[in-house]
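Below is one structure, written out as C-alpha cells; comments come after it.
Protein chains get the first letters and strands the later ones, always in sequence-line order, with residue 1 at the start of each. Any value given below was found using the heavy atoms of this structure, including those in side chains, with hydrogens, waters and symmetry copies removed.
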There are 2 protein chains.
Amino acid sequence: MSKKKNKVVTIYDIANELNYSPSTISRALKNHKSIGKDTTKQIQETAKKLGYRPNSLAASLRNNRSNNIGILIARINRPFISSLISGVENSARAAGYNVLISQSDDNYKNEVANAKALYDSRVCGIVASLSMETKNADHFKQFLEQDIPVVFVDRVPSDLNSYRVIIDNYSAGYKATEHLIQQGCTRIAHFAGAQHLNIYKLRKNGYIDALKAHGITPDKELLIYMNTMSFEEGQEATSKLLNMKKPPDAIFSSNDTAAVSAIMQAKKQGVKIPEELAVIGFNDDPIASIVEPALSSISHPAMKMGELSTKRILEHADKKIEQGVSEITVLDTEVIVRASSLRKK
Amino acid sequence: MSKKKNKVVTIYDIANELNYSPSTISRALKNHKSIGKDTTKQIQETAKKLGYRPNSLAASLRNNRSNNIGILIARINRPFISSLISGVENSARAAGYNVLISQSDDNYKNEVANAKALYDSRVCGIVASLSMETKNADHFKQFLEQDIPVVFVDRVPSDLNSYRVIIDNYSAGYKATEHLIQQGCTRIAHFAGAQHLNIYKLRKNGYIDALKAHGITPDKELLIYMNTMSFEEGQEATSKLLNMKKPPDAIFSSNDTAAVSAIMQAKKQGVKIPEELAVIGFNDDPIASIVEPALSSISHPAMKMGELSTKRILEHADKKIEQGVSEITVLDTEVIVRASSLRKK
DNA sequence: ATAATTTACGCAACCGATTGCCTTTATTTT
DNA sequence: AAAATAAAGGCAATCGGTTGCGTAAATTAT
C-alpha cells in the first residue's frame with residue numbers, strides 16, 4: 001500500500017536540491033550563457049534525475065504567449081485540409097509546439113468566434129484557410145496588432161497583408177485547360193467555385209486565358225458558376241451540359257468532387273470518357289484514383305504547405321519585423337494525367 | 001497618428017474601474033453566489049464594456065488544468081480519423097474548450113512522446129486511438145493518476161481501465177459475413193488486420209463465428225492476415241486468392257482501402273463483381289461510393305464517436321470518481337449494401 | 001598592486017486569475 | 001433586544017517560470 005507522493009517537480013525542487021536559486025535553475029535549463037558550464041550541466045542532470053517537466057502554462061503566462069500554433073480551417077474532414085493539418089502538426093511537434101485546431105464549417109461567424117478563441121488562448125501563431133463565406137478578414141487583425149504571425153493557406157484573403165502559402169492557381173487553371181486542349185478538346189466547360197474566393201477566380205482566369213491563347217473563344221454557356229462544388233451540384237451541371245445542342249467535349253472542374261460526379265453522371269448518360277468527354281479535376285483527392293476512368297487532376301502539395309506554414313511561424317520570431325511584412329510562398333502544382341483526360345496515347 | 005493603447009484588460013482593470021477587489025471581480029464573472037446580484041450584474045456589464053477577455057493561461061496555471069482537450073491518433077488524414085476529430089472539435093468548441101491534436105504516424109515511440117507532450121500541456125482530458133504498433137498502454141497511466149480522463153476510441157487497449165467509445169466490432173464482422181452468406185456466398189475470404197489490435201481480432205472472430213453459425217467451416221487459406229491493410233497488400237492478397245484452384249466467391253475486408261483494391265484487382269483479372277466475387281469493406285470511406293461497382297461496407301459513426309468522447313471528458317469532472325471507473329460506450333454499425341455485394345436483387 | 005571587467009548567480013517583482021479564510025454588515029431567530 | 005446566522009466582499013497567498021537589476025567573486029588589464 002505504498003502511496004506514491006506523485007508530487008510534480010518544479011524548478012524550486014531542483015533549486016532546493018542543489019542550493020541554487022530558482023532563477024539560476026531556470027536559466028541553466030535554457031542554457032543561458034550567464035550560468036557556468038558546470039553548474040548548467042549539474043542542474044540539467046539533476047532535472048532529469050528528478051524527472052522535472054516544465055510547466056508550459058507558467059512560462060506562457062509570464063511570456064504572454066504559448067507554444068501552441070492555432071489552425072483555423074473550414075472543415076477538417078476533407079482530404080486536402082486533413083493533409084494540410086497533418087503537415088502543420090508534424091513540423092510543429094518536431095519543434096516542440098502543440099497544435100490547436102478549429103473549424104468553421106464554412107461559416108463566417110464561426111470563423112470569427114474561432115479566431116477570437118485562438119487569440120484568447122495566446123497562440124504563438126496561426127495557420128488559416130478562409131471559410132466559403134468569408135469576405136472580410138478583419139478578425140485576423142487582432143493577431144497582427146500583437147505581432148502574432150498569421151499564415152494564410154490556400155484560401156487567402158485579398159485585403160490583408162500577411163504571410164501566404166499558396167499555389168499558383170492561375171497557372172494551374174491554365175495548365176489544366178491547356179492539357180485538355182492538347183488532347184484535342186475544343187469545347188471545354190469549366191466548373192467554377194464561388195468567385196469571391198480568389199482561388200476559384202484565379203483558376204477560372206487561367207482557364208479563360210488558356211482558351212484565348214489557343215485561339216478558342218470562351219463560351220459563357222460552358223462556364224458554370226457553382227456554390228459549394230458538391231457532388232450534387234456537379235451532377236446537375238453535367239447533366240445540363242450534356243443536354244445542350246452543342247455539348248462540351250471536356251470539363252475542367254475546380255475540385256475533384258464535382259469532377260468525379262461529372263464522370264459518374266456522364267457514364268450514366270452513356271457518354272464515353274474521355275472520348276466524348278474529357279475531364280480533369282483539382283486537388284488530386286483519393287477518390288480521383290478510384291473513380292473509373294481514373295480522374296486527371298491538379299495535385300496540391302498539401303502536407304508540404306502545412307510544413308511551410310509552420311516554418312513561417314517559427315521563423316517569424318527571429319526576424320526583424322518590418323512594417324506590413326507579407327511574405328508569399330508559391331508552390332508548384334502538377335498536372336496528374338489519368339485516363340479521364342487521356343485521348344491521345 | 002492616434003496610437004491605441006491596446007492594453008489588454010484584466011480583472012484588475014475592472015476592479016479599479018468599479019472599486020471592488022479583484023477577487024470580487026473574479027467571483028462575479030463566474031456568478032459566484034457569494035457576490036450580490038446587483039454587483040455581479042454591474043461587474044459583468046463593465047467587463048463587457050471594457051472588452052475584458054479572460055486570460056485562460058492564468059486560470060489554467062492556477063488550477064493546474066487547461067481548457068484543452070488532447071487528441072492522440074495515428075494519422076490525421078484518414079477519413080475515419082478526420083471525421084472523429086471533427087466530432088471532437090465541434091462539441092469541444094461548443095463547450096468552450098480547445099482541441100490539441102497529435103499524431104503518431106502509427107509509431108509507438110511517437111505516441112509515447114505525444115502523450116507526454118499532451119500531459120505537459122495540462123490537457124483536461126484526452127481522446128486516444130492507438131497506433132498500429134502499440135501493445136502497451138502504460139503511457140496513459142500518467143493521466144489516470146492525476147484523474148485526467150482518457151477516452152479511448154476505436155483502437156482501444158485491452159489492458160487499461162478507462163473510458164471507451166467503440167463499435168461492436170465482433171457483431172459488425174458477424175453482420176458483414178452473414179450478409180455475404182445471405183447473398184449466396186460460401187467461400188468467403190477475410191482480410192484481417194494486425195491481430196494485436198482488438199478491432200481487427202474481433203472483426204475476424206465475428207467472421208469466423210458467422211461462418212460456423214451458418215454451417216460453413218472456416219478455411220485457413222481464406223483468412224489473410226495483413227500488416228497495414230494498404231492498397232498494395234490488398235491487391236497482392238486478392239491476386240493470390242483469385243489464383244487458387246478453388247478461389248473464394250467473396251471477400252470481407254477489415255477496411256475499405258484493401259476492399260477497393262480487391263475490386264480493382266479482380267476487375268483487372270476479369271473477375272466479375274459481385275457475380276463471381278462479392279466484396280464488402282469496413283468504414284464506409286468516401287472511396288466506397290466512388291469505386292465501381294460501389295463497395296458495400298460497414299459504416300462507423302465517426303463524428304458521433306468524437307462527440308461522445310468529448311462528452312465523456314466534460315462529464316468526468318461532475319462525477320464522483322470511483323476507483324477504476326471504466327465506462328464503455330458501444331455504438332451501432334450499419335451494413336451499407338451497395339453493388340459490390342448485391343447478388344440477389 | 002590596483003582598477004576595470006567579466007563571470008556567475010541571487011533577489012524580488014511579475015504574468016492574471018483563483019480561493020481559503022476573515023471581516024463587516026444585514027437579516028433572522030428566540 | 002441580544003444572539004445567531006447569513007450575505008457580501010476583501011486580503012493575501014498561490015500556481016511555476018521568467019527576467020531586469022544588483023552584487024560578490026574571479027579574471028584581465030594597466
Would you please indicate if the ring centroids of H139(A) and Y119(A) are separated by under 6.0 Å?
no
Walk along DNA chain C from 5' to 3' and tell me the first and last nucleotide with an atom closer than 4.0 Å to a non-hydrogen atom of chain A.
dA8(C) to dG16(C)
Spacing of D106(A) atom CG and I73(A) atom CD1 [to the nearest 0.5 Å]
9.5 Å
When the distance from CG of N19(B) to C1' of dG10(D) is rounded to whole Å, what number comes out?
12 Å
Pick base, sugar-phosphate or nothing for D38(A), based on heavy-atom distances below 4.0 Å to the nucleic acid.
nothing
Once base and sugar-phosphate atoms are separated, protein heavy atoms under 4.0 Å mark nucleotides 11-17 of chain D, 5' to 3', with B, S and - as BBBBBBB
Begin with the C-alpha distance, continue with both residues' side-chain angles, and end with the deciding distance and a verdict on side-chain contact (heavy atoms from CB on, under 4.5 Å) for Y52(A) and T46(A).
CA-CA 8 Å; Y52(A) 168 75; T46(A) 307; over 6 Å; no
When rounded to the nearest 0.5 angstrom, what is the spacing between CD in E89(B) and CG in N98(B)?
9.0 Å
Specify the angle, to 10°, made by the local axes at the two ends of the helix from dT5(C)-dA26(D) to dT30(C)-dA1(D) when five pairs are taken at each end.
50°
Under a 3.5 Å threshold, yes or no: a donor from one side chain and an acceptor from the other, between R53(A) and Q142(B)?
yes
Lys/Arg-Asp/Glu bridge criterion (N-O < 4.0 Å) met for E145(A), K141(A)
no
Quick one: SG on C124(B) to CG on N63(B), what's the gap to the nearest 0.5 Å?
11.0 Å
Side-chain (Q103(B)) to main-chain (R75(B)) donor-acceptor, under 3.5 angstrom
no
Return the minimal non-hydrogen interatomic distance between L50(B) and V9(B), and the atom names on each side.
O-CG2, 3.2 Å
Over all strands shown, is S60(B) touching base, sugar-phosphate only, or nothing at heavy-atom distances under 4.0 angstrom?
nothing
Checking V127(A) against V150(A) for the side-chain contact (heavy atoms from CB on, under 4.5 Å) test, could you report, in this order, the C-alpha distance in whole Å, the side-chain angles of both residues, the deciding distance, and whether it holds?
CA-CA 6 Å; V127(A) 177; V150(A) 177; over 6 Å; no
Just to be sure I understand the rule, does S56(A) reach a base, reach only the sugar-phosphate, or reach nothing, if contact means heavy atoms closer than 4.0 Å?
nothing
Whole Å only: how far is the NE2 atom of H32(B) from the P atom of dG10(D)?
14 Å
The reported gap from CE in M305(B) to CG in L331(B) (rounded to nearest 0.5 angstrom) is 5.5 Å
